[in-house]
Engineer: 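If you scroll down you'll find the structure; I have some questions about it.
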Amino acid sequence: MVYEKLKKCYEAVEKKVTFKPSLALILGSGLGDFCDTMEVKETLPYSEIPGFPTSTVAGHKGQFVFGYSNGVPIVAMQGRVHYYEGYPVQDVVLPTRLMHMMGAKTLFLTNAAGGINPSFHAGDFMLISDHISLSVPSPLIGANIDELGTRFPDMSEVYSRRLRTIIENAAAAEGVPLKSGVYLQTTGPNYETPAEIRAYGRLGADAVGMSTAIEAMAARHCGMEVCGISCISNLAAGISSNPLSHKEVQETADRVAPLFRRLVARSISEIAKG
Ligand code: HPA
């Protein structure tokens, strides 16, 4: 059922798009303008793919953008699908699997996240070293899709050590400060309570957000090499004394967007060099 839907989506994409990406990029809240730096060849609105879950969040556009970033053929998701929108978790990872079927071998995840680590500041970038997925069901629940991967996939290195080293070197070369840490995914859409943030910090989380871990799991299941960067858009609840708002998240993401674009573009070109 899940695989049938995925194949139908892929057939629709194949009819409309000829571009062959080698890397897939998922753009988080406020980070969608990365596509302005691309040499865009084709775009495909999600609404033109029958059965595709379409995003409802303000600031999320909802289309695949195909083109070159520093000469590297990529597909970027301008707007992702979130679990809190009410889609089953298997639908939330459908776009990731679809980009795998389009030919992308690497998945580059980005998101806006709340900083839990006390050394983090709003506007920092965090290379994701690992994740904790507590409240969101595994996207691999249900009959295994043998065509994609194995029933019990290993998750001991979700975020490739090889890619992390490349990104750390790219950040240094661009002069962009880069922290590193563990990302924890919640369901959202509400932000956390201060007690939850204290608990997550004790569990080992450095940042918290409402996406990414399930997409990373689905990508590992089908054999993609995965990396991710969080934009720390705010300090998590209780760490900052301010109430949290989507507006603050977007404002910080907008402020650091030029730096973020440089970091991601340089990382992608270094990843392509291998
Ligand atoms: N919590 C959860 N998700 C988020 C946050 C946060 O503080 N900031 C951006 N996305």
Side-chain angles (χ1 to χ4, degrees), residues 25-34 55-62 77-87 89 92-93 108-137 139 159 178-217 227-257 259-261 263-264:
L25 173 65
I26 303 186
L27 295 162
S29 281
L31 305 170
D33 68 355
F34 178 83
S55 182
T56 55
V57 190
H60 288 253
K61 255 191 186 156
M77 283 188 78
Q78 213 169 18
R80 57 146 58 88
V81 182
H82 297 87
Y83 185 58
Y84 60 70
E85 291 172 87
Y87 295 105
V89 73
V92 180
V93 302
F108 198 133
L109 290 152
T110 70
N111 58 52
I116 299 178
N117 186 315
S119 76
F120 288 0
H121 300 98
D124 282 350
F125 298 120
M126 183 190 87
L127 182 62
I128 304 176
S129 59
D130 204 347
H131 74 226
I132 298 171
S133 177
L134 270 182
S135 57
V136 185
Y159 303 86
L178 184 61
K179 309 262 166 89
S180 169
V182 172
Y183 178 92
L184 184 144
Q185 176 169 3
T186 65
T187 62
N190 52 288
Y191 293 112
E192 302 70 34
T193 64
E196 285 165 344
I197 293 300
R198 281 194 298 278
Y200 296 161
R202 286 183 191 155
L203 288 175
D206 296 292
V208 61
M210 305 173 192
S211 65
T212 299
I214 50 177
E215 292 143 310
M217 282 189 267
C227 60
I229 299 177
S230 293
C231 165
I232 304 300
S233 54
N234 57 282
L235 297 180
I239 295 188
S240 118
S241 46
N242 306 335
L244 305 190
S245 71
H246 188 56
K247 187 163 167 279
E248 180 191 0
V249 170
Q250 284 206 303
E251 278 171 1
T252 309
D254 286 347
R255 177 165 62 79
V256 298
L259 215 56
F260 176 80
R261 287 197 296 263
L263 174 60
V264 173

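All residue numbers refer to positions in the sequence shown, counting from 1. We count ligands from 1, going down the list as the structure has it; atoms in each ligand are counted the same way. The model shown is predicted, which means the values in this text are computed figures rather than measured ones.
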Engineer: Give the atom numbers and elements of ligand 1 that come within less than 4.0 Å of a heavy atom of V249.
Structural biologist: 8 (N), 9 (C)
Engineer: Would Y191 and E196 count as a side-chain contact (heavy atoms from CB on, under 4.5 Å) here? Give the steps.
Structural biologist: CA-CA 10 Å; Y191 293 112; E196 285 165 344; over 6 Å; no
Engineer: Judged by atom type as modelled, is there a donor-acceptor pair below 3.5 Å linking the side chain of S233 to the main-chain atoms of V249?
Structural biologist: no
Engineer: Using a 3.5 Å distance criterion without hydrogens, assess whether the side chain of Q250 forms a donor-acceptor pair with backbone atoms of K247.
Structural biologist: no
Engineer: Can you tell me if Q185 uses its side chain to pair, donor with acceptor, with the backbone of I214 under 3.5 Å?
Structural biologist: yes
Engineer: Which ligand 1 atoms are under 4.0 Å away from a heavy-atom of S233?
Structural biologist: 8 (N), 9 (C)
Engineer: Please work out whether any backbone atom (N, CA, C, O) or any side-chain heavy atom from C-beta onward of V208 is under 4.0 Å from ligand 1, and answer side chain, backbone, both or neither.
Structural biologist: both
Engineer: Which of the atoms of ligand 1 are close to L244, meaning less than 4.0 Å from one of its heavy atoms?
Structural biologist: 7 (O)
Engineer: For ligand 1, which atoms sit closer than 4.0 Å to a heavy atom of A112?
Structural biologist: 9 (C), 10 (N)
Engineer: Whether the side chain of Y159 engages the backbone of V182 through a donor-acceptor N/O pair (distance < 3.5 Å, no angle test) should be reported.
Structural biologist: no
Engineer: Check each of S245, G114, G209, G28 against atom 5 (C) of ligand 1 and report the one with the nearest heavy atom.
Structural biologist: G114
Engineer: Determine whether a donor-acceptor pair (N or O, by modelled atom type, separation under 3.5 Å) exists between the side chain of S135 and the backbone of T187.
Structural biologist: yes
Engineer: Once you restrict to heavy atoms under 4.0 Å, what part of A237 touches ligand 1? Side chain, backbone, both or neither.
Structural biologist: neither
Engineer: Quick one: which ligand 1 atoms are inside 4.0 Å of a heavy atom on M210?
Structural biologist: 2 (C), 3 (N)
Engineer: Is there at least one pair of N or O atoms, one from N234 and one from ligand 1, spaced under 3.5 Å apart?
Structural biologist: yes
Engineer: Mark up the atoms of ligand 1 that fall under 4.0 Å of a heavy atom belonging to Y191, in ascending order.
Structural biologist: 1 (N), 2 (C), 4 (C), 5 (C), 6 (C), 7 (O)
Engineer: Is there a nitrogen or oxygen of T186 sitting under 3.5 Å from a nitrogen or oxygen of ligand 1?
Structural biologist: no
Engineer: Would you mind listing which atoms of ligand 1 come within a distance below 4.0 Å of any non-hydrogen atom of E192?
Structural biologist: 1 (N), 2 (C), 6 (C), 7 (O)
Engineer: Using a strict 4.0 Å threshold on nitrogen-to-oxygen distance, state whether E251 and R255 make a salt bridge.
Structural biologist: no
Engineer: Report yes or no: does T110 contribute a side-chain atom to a donor-acceptor pair with the main-chain N or O of G28 at less than 3.5 Å?
Structural biologist: yes
